[in-house]
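Worksheet: one structure, shown below.
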There are 2 protein chains.
Amino acid sequence: MSSASDSVRASGRRPVTPRAHPGKAYHHGDLRAALLCSARTLLEEQSIAALGLRAITRHAGVSQTAAIPHFGNLTGLLSALATVGYEDLADALTPALPQGAHAAGMAYVRFAIRNPGLFTLMFRSDAIDRKEPDLAAASAQTSAMLTRLIGSLEGPRSSQTRAGTRAALWGKVHGLAVLAVDGLLEPLLTFDGEEMSLDELIADALR
Amino acid sequence: MSSASDSVRASGRRPVTPRAHPGKAYHHGDLRAALLCSARTLLEEQSIAALGLRAITRHAGVSQTAAIPHFGNLTGLLSALATVGYEDLADALTPALPQGAHAAGMAYVRFAIRNPGLFTLMFRSDAIDRKEPDLAAASAQTSAMLTRLIGSLEGPRSSQTRAGTRAALWGKVHGLAVLAVDGLLEPLLTFDGEEMSLDELIADALR
DNA sequence: GATTTAAACTTAACACTGTTAAGAATGATC
DNA sequence: GATCATTCTTAACAGTGTTAAGTTTAAATC
């Protein structure tokens, strides 16, 4: 279980300025990471609609435009947050990959359920910029893990059916994740008065 | 192929005021339908981000707040548009259902690809209000079609595995639709210089 | 070590948004 | 024909992202 604060990573390529007067200086020290942390907190504690530039900077205790030097604009900030999301997703997938497709699929969906806001943001193509290099790299890395998984599954196939298999697996897993996050699978949990957990349903669907 | 204008339906429960002076009167006549049509045009010709109350009314040639009496607020308008989307999706699914799961899945994904903006809106839980009765009804109707499809597929099963099967099918189909609309399947279309169409890939993945 | 330069951060303003309130125009009802 | 409810407009409010200009600090250069 990764909290919002500890999983926001270091500031990426830009070297972090060592802060001389921690927390109080005019120069914040690591405002970039602090803003990402505030954004992630707002995202999970409230909603994706609460992710405004002013709301984030207000939560971090800085002025309205303090994010501009670090991210350029709101899209830049959200893209950086989505990048964190792809990195965290890769971390969640890594230990499950050698256990096969079922375990990997469960890890994917569970990540979405545990980080619903972040997962949603990662696929909001109109709120983020997929051409941002960091984001493109993190996204491609996650994608590559899926490719390796498919490649390790069975014997030799044509590359065409491999593409189909890959789309089928990713589609199934991603669809279940999206539907679960949106609460659209809940009507399926009750039948004739009996209940089943969301995790059970997904494990069932992934067989 | 359904164009944006002809597929916006009549105004729903609210009886349409017969227009005395078509197009020129102070009372528009069927502003509700006209606004939905403008919204759908903006949605598909531009993007989901262009769906503002002012942009829609501007496109329809009325004042900024003319949509309020009909929809209450922006969420109401977008929910009504999503309702149209679920109705259109049901129409697209109906002829394919008797042909089995593969045909139904293809119809689902093709609908998404042909109406990317509308399909995206239909699953934007923070932009629409799923408790709106019309929307809930239209959405439930689509869901019921899926249930009937699963029920007609094979012999008797426990209701538990039926829920799993249903989640698996819906998840796979929905995931492929979402990924296709976001352009995330395109990297899978090329292998060793050879190309394959998106439709082929999806047909492959749905087997 | 002093000076210059570059970056972070703040304040103020602009154009834009959704929503509300009040008023004018119209169709429906009695 | 008078009343009433609805539709639609205008005006205003609080909020947003972004830009420009100015201030404060850290780093770089001499």
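No hydrogens, no waters, no symmetry mates; every other heavy atom, side chains included, goes into these values. A note on names: the letters A, B, ... follow the listed sequences, proteins ahead of strands, and every chain is numbered from 1.
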Send over the distance from [X] [atom1] to [N] [atom2], rounded to a whole Å.
X	N	atom1	atom2	value
B:L74	C:dC16	CG	C1'	15 Å
A:I56	D:dT16	CD1	P	11 Å
B:L53	C:dT19	CG	P	6 Å
B:F71	D:dC8	CZ	P	11 Å

Is the shortest side-chain N to carboxylate O distance from B:D126 to A:R124 below 4.0 Å?
->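 A salt bridge links B:D126 with A:R124.
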Can we say A:R40 and A:D88 salt-bridge, meaning some charged N sits less than 4.0 Å from an Asp/Glu carboxylate O?
->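 Result for this pair is yes, salt bridge flagged.
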Phosphate contact (D:dT16 OP1 or OP2) by B:R54 side-chain N/O below 4.0 Å |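 The answer is no; no side-chain N or O of B:R54 sits under 4.0 Å from OP1 or OP2.
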Any B:H70 side-chain N or O less than 4.0 Å from OP1/OP2 of D:dC8 =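 Looking at the OP1 and OP2 atoms of D:dC8, one of them is under 4.0 Å from a side-chain N or O of B:H70.
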Can you say whether the rings of B:H174 and B:Y108 are parallel (under 30°), tilted (30 to 60°) or perpendicular (over 60°)?
->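 Plane angle over 60°, so perpendicular.
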Closest listed nucleotide, where the reference is the side chain of A:A66 and the choices are D:dC8, C:dT10, D:dT18 =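 So the nucleotide nearest the side chain must be C:dT10.
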Contacts under 3.5 angstrom, residues 59-69 of chain A side chains, donor-acceptor by atom type, not counting sequence neighbours:
unit_1 : atom_1 : unit_2 : atom_2 : d
A:H59  : ND1    : A:S38  : OG     : 2.8
A:Q64  : OE1    : A:R54  : NH2    : 3.1

Neighbours of DNA chain D within residues 123-131 of chain A, by heavy-atom distance under 4.0 Å |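 Heavy-atom contacts with DNA chain D come from no residue of residues 123-131 of chain A; none.
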Between A:A55 and B:S63, who's closer to the 5' end of DNA chain D by nearest nucleotide?
->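 Closest to the 5' end, via its nearest nucleotide, is B:S63.
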